[in-house]
Chemist: 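Below are the structure tokens for one structure; questions will follow.
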2 protein chains.
Amino acid sequence: MAEIQSLAKGLKILNLLEHSRNGMGTTEVATQLEIDKSSASRLLHTLAKYGFVEQDQVTARYLLGPQLVTLGQHLLNRITLRDHARPYLHELVDKTGECAHLAILAQRQALYIDQVESTAALRVESEIGTLSPLYCTALGKILLAFGDSRIPDELTPFTHRTVTDRSTLEAQLAQTSKRGYAIDDEEYNYGVRCVAAPVYDHKSALVGAIGISGPAGRVTLERIDEFGAVVISIAAALSARLGYDLNLR
Amino acid sequence: MAEIQSLAKGLKILNLLEHSRNGMGTTEVATQLEIDKSSASRLLHTLAKYGFVEQDQVTARYLLGPQLVTLGQHLLNRITLRDHARPYLHELVDKTGECAHLAILAQRQALYIDQVESTAALRVESEIGTLSPLYCTALGKILLAFGDSRIPDELTPFTHRTVTDRSTLEAQLAQTSKRGYAIDDEEYNYGVRCVAAPVYDHKSALVGAIGISGPAGRVTLERIDEFGAVVISIAAALSARLGYDLNLR
DNA sequence: ACGCATGTTGCGTATTATGCAACTTATGTT
DNA sequence: AACATAAGTTGCATAATACGCAACATGCGT
């Protein structure tokens with residue numbers, strides 16, 4: 001279906017602004033989108049009128065607006081899985097000493113919807129709200145193996161360990177669903193290993209994935225099975241807890 | 001300036017979806033915006049393409065999409081005031097036993113960017129991301145009295161205590177800036193009193209407001225001055241903490 | 001004060017969003 | 001099970017409107 005172009009342009013502007021450190025000016029936006037200054041100006045004004053962007057009082061550059069916080073937070077509040085999962089994330093941190101994460105499938109990617117940091121680890125930038133690829137993260141592989149199993153066409157490498165071969169990945173996914181947990185062995189970030197397991201609702205339908213992630217030095221390959229067992233048991237406990245009252249998808 | 005209408009329609013759809021419990025269908029959206037089904041269909045597809053809305057797999061109804069979480073969270077992470085303020089919000093809760101909130105000025109409204117709940121109070125729905133009016137909330141009155149002092153044209157009442165008279169409000173604001181803290185005496189929600197104080201950066205420019213809110217039974221008018229003093233002292237401590245390294249607006 | 005860069009407004013044109021109607025798909029009813 | 005009703009999508013001609021150009025306005029640095 002043909003997209004509404006002026007709406008699409010507006011949405012593209014929002015995505016542009018996400019990646020700019022200190023906001024953008026009209027001309028800068030126009031250049032990036034390859035449109036005229038005047039169009040950029042009018043689009044920005046419309047976005048501003050509805051609170052999706054905001055002009056910095058001092059620099060007059062456009063920044064993402066409060067309406068996005070409002071809508072984003074509103075959506076997070078809807079996702080009751082998150083509320084249920086919180087204590088289990090803490091339990092994961094207690095038992096493993098590593099950071100714990102919760103993700104669901106969204107837009108054919110892994111959407112991180114909550115995290116609990118380990119006390120040991122140095123402060124990590126919040127990952128909540130981040131979309132990550134399915135094929136090279138532990139949480140993502142869970143969502144692929146147990147849920148929507150269509151492997152993306154492009155397997156872009158992030159490290160030299162990223163699996164870019166389709167059949168290798170398929171084998172990994174088969175292994176994952178067999179043993180019940182997934183591994184990311186420095187396939188997305190160097191020096192970081194992750195272990196994840198599936199979370200089910202009462203109908204045994206996949207709703208998300210939880211897991212841990214930590215430095216390769218601590219999360220060694222020898223101890224992977226051990227970590228896997230912990231993650232699986234807690235994921236199972238959470239699934240049981242969700243029982244019959246989960247109203248997520 | 002004339003707004004880009006098709007962009008505006010798309011943004012309006014996002015706002016509509018915020019207030020729907022279980023998503024909306026194409027026809028429903030079309031009715032609300034008074035446009036044709038076909039237009040609604042095309043707009044929704046465009047929003048979906050960029051992840052701003054998502055179709056429920058089961059019901060096929062449209063919901064707010066993950067991109068909003070991504071962008072909203074991204075914006076929250078930028079706001080360093082929030083990081084600095086967190087311990088002070090906890091301190092407020094410890095000292096008063098009531099819920100603590102942090103807000104900044106956005107879109108001529110009070111944008112709640114963080115909260116810490118009191119252990120005493122029953123679980124309150126998260127207010128983070130909420131936009132509230134300036135003229136009838138304690139945090140808002142602070143932003144009015146110490147920051148942008150233009151009083152809105154319309155003073156819509158929320159309770160019978162809401163101040164709808166312009167000059168009365170002006171007097172209250174004068175009193176507020178004189179004594180250093182603001183009160184919301186059941187002016188926004190029945191049974192809820194709030195007390196708030198201003199947060200400044202190193203240039204003595206207002207950056208936000210923090211305060212507490214609790215049931216009128218506990219936050220009595222006799223103890224208001226006492227609460228005010230606590231809130232002021234913590235707001236001052238936070239302002240001092242912000243010192244010379246705040247990079248917010 | 002001057003020049004340069006950025007941002008906004010007016011206007012004619014061409015693109016494109018729109019509404020209608022026909023068609024397709026899903027849902028629920030007797 | 002067949003029908004009726006509702007919801008959603010597509011094709012198309014028309015009307016609306018978004019667009020780019022150019023002129024104007026504003027702000028910044030030298």
Side-chain angles (χ1 to χ4, degrees), chain A residues 1-17 19-65 107-108 203 205 247 249, chain B residues 1-17 19-65 107-108 203 205 247 249:
Chain A
M1 171 174 306
E3 68 181 25
I4 304 293
Q5 300 185 24
S6 27
L7 172 55
K9 279 173 208 154
L11 302 179
K12 281 175 188 165
I13 289 177
L14 296 177
N15 287 333
L16 270 183
L17 288 178
H19 301 294
S20 78
R21 192 98 206 68
N22 297 312
M24 295 175 77
T26 306
T27 309
E28 203 172 343
V29 169
T31 311
Q32 292 278 340
L33 290 188
E34 297 182 347
I35 57 177
D36 193 81
K37 288 187 302 178
S38 62
S39 295
S41 173
R42 288 184 264 245
L43 289 165
L44 283 164
H45 273 273
T46 305
L47 288 167
K49 178 172 175 182
Y50 291 89
F52 286 78
V53 303
E54 196 176 25
Q55 274 198 74
D56 187 300
Q57 303 283 345
V58 183
T59 64
R61 293 167 74 79
Y62 288 94
L63 305 163
L64 293 178
Q107 294 284 111
R108 319 214 94 251
K203 290 176 183 165
N247 64 353
R249 59 195 62 224
Chain B
M1 172 175 305
E3 67 181 26
I4 304 293
Q5 300 185 21
S6 24
L7 172 56
K9 278 172 205 153
L11 302 180
K12 281 176 189 164
I13 289 177
L14 295 177
N15 288 333
L16 271 182
L17 289 177
H19 300 293
S20 78
R21 194 100 204 67
N22 297 311
M24 295 175 77
T26 305
T27 309
E28 202 172 342
V29 169
T31 311
Q32 292 279 338
L33 290 188
E34 298 182 346
I35 58 177
D36 194 80
K37 286 189 301 180
S38 62
S39 294
S41 174
R42 288 183 266 243
L43 289 164
L44 284 165
H45 274 272
T46 305
L47 287 167
K49 179 173 175 183
Y50 291 90
F52 287 78
V53 304
E54 197 175 26
Q55 273 199 74
D56 187 300
Q57 304 284 345
V58 182
T59 64
R61 294 167 73 79
Y62 288 94
L63 305 163
L64 293 178
Q107 294 284 111
R108 320 212 93 250
K203 290 176 184 166
N247 63 353
R249 69 192 53 224

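Predicted model, so just to flag it, every value in this text is computed and none were measured. Throughout, protein chains are lettered first and strands after them, A, B, ... in sequence-line order, and every chain is numbered starting at 1.
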Chemist: Tell me whether the side-chain N/O atoms of A:Thr27 come closer than 4.0 Å to OP1 or OP2 in C:dG7.
Modeler: yes
Chemist: Output the rounded distance in Å from CD1 (B:Ile4) to P (C:dT8).
Modeler: 13 Å
Chemist: What's the NZ-P distance between A:Lys9 and D:dT17, to the nearest Å?
Modeler: 15 Å
Chemist: Does A:Ser6 make a side-chain N or O approach to OP1 or OP2 of D:dT17 shorter than 4.0 Å?
Modeler: no
Chemist: Taking all atoms of both residues into account, what is the closest heavy-atom pair of A:Ser6 and B:Ile4, and its distance?
Modeler: CB-CG2, 3.8 Å
Chemist: Are OP1 or OP2 of D:dG8 and a side-chain N or O of B:Ser41 less than 4.0 angstrom apart?
Modeler: no
Chemist: Checking contacts here: which listed nucleotide (D:dG20, D:dT9, C:dT18) is nearest the side-chain heavy atoms of A:Ser39?
Modeler: D:dG20
Chemist: Could you check how far CZ of B:Arg42 sits from P of C:dT18, rounded to whole Å?
Modeler: 8 Å
Chemist: Nearest-Å distance, CD1 (A:Ile35) to P (C:dT6)?
Modeler: 16 Å
Chemist: Base, sugar-phosphate or nothing for B:Ser38? Non-hydrogen atoms, less than 4.0 Å.
Modeler: base
Chemist: Is any side-chain nitrogen or oxygen of B:Lys37 closer than 4.0 Å to OP1 or OP2 of C:dA21?
Modeler: no
Chemist: How long is the line joining CZ of B:Arg61 and C1' of C:dA26, in whole Å?
Modeler: 14 Å
Chemist: Which of these, A:Gln55, A:Glu54, A:Glu28, sits in a side-chain hydrogen bond (donor to acceptor under 3.5 Å, both in side chains) with A:Arg61?
Modeler: A:Glu28
Chemist: Using atom CG of A:Asp36 as one end and atom P of D:dC24 as the other, report the distance to the nearest whole Å.
Modeler: 17 Å
Chemist: Is there a donor-acceptor pair under 3.5 Å between the side chain of A:Thr26 and the backbone N or O of A:Ser41?
Modeler: no
Chemist: Under 3.5 Å, is there a donor-acceptor pair linking the side chains of A:Arg42 and A:Thr46?
Modeler: no
Chemist: For the side chain of A:Gln5, counting heavy atoms from C-beta on, which of C:dT16, C:dG19, D:dC21 is nearest?
Modeler: C:dT16
Chemist: How many whole angstroms separate atom CG of A:Leu43 from atom P of D:dA18?
Modeler: 9 Å
Chemist: Would you kindly give the CD-to-P distance between B:Glu3 and C:dT9, to the nearest whole Å?
Modeler: 14 Å
Chemist: Which atom pair, heavy atoms only, marks the closest approach of A:Ala8 to A:Glu3?
Modeler: CB-OE2, 3.4 Å
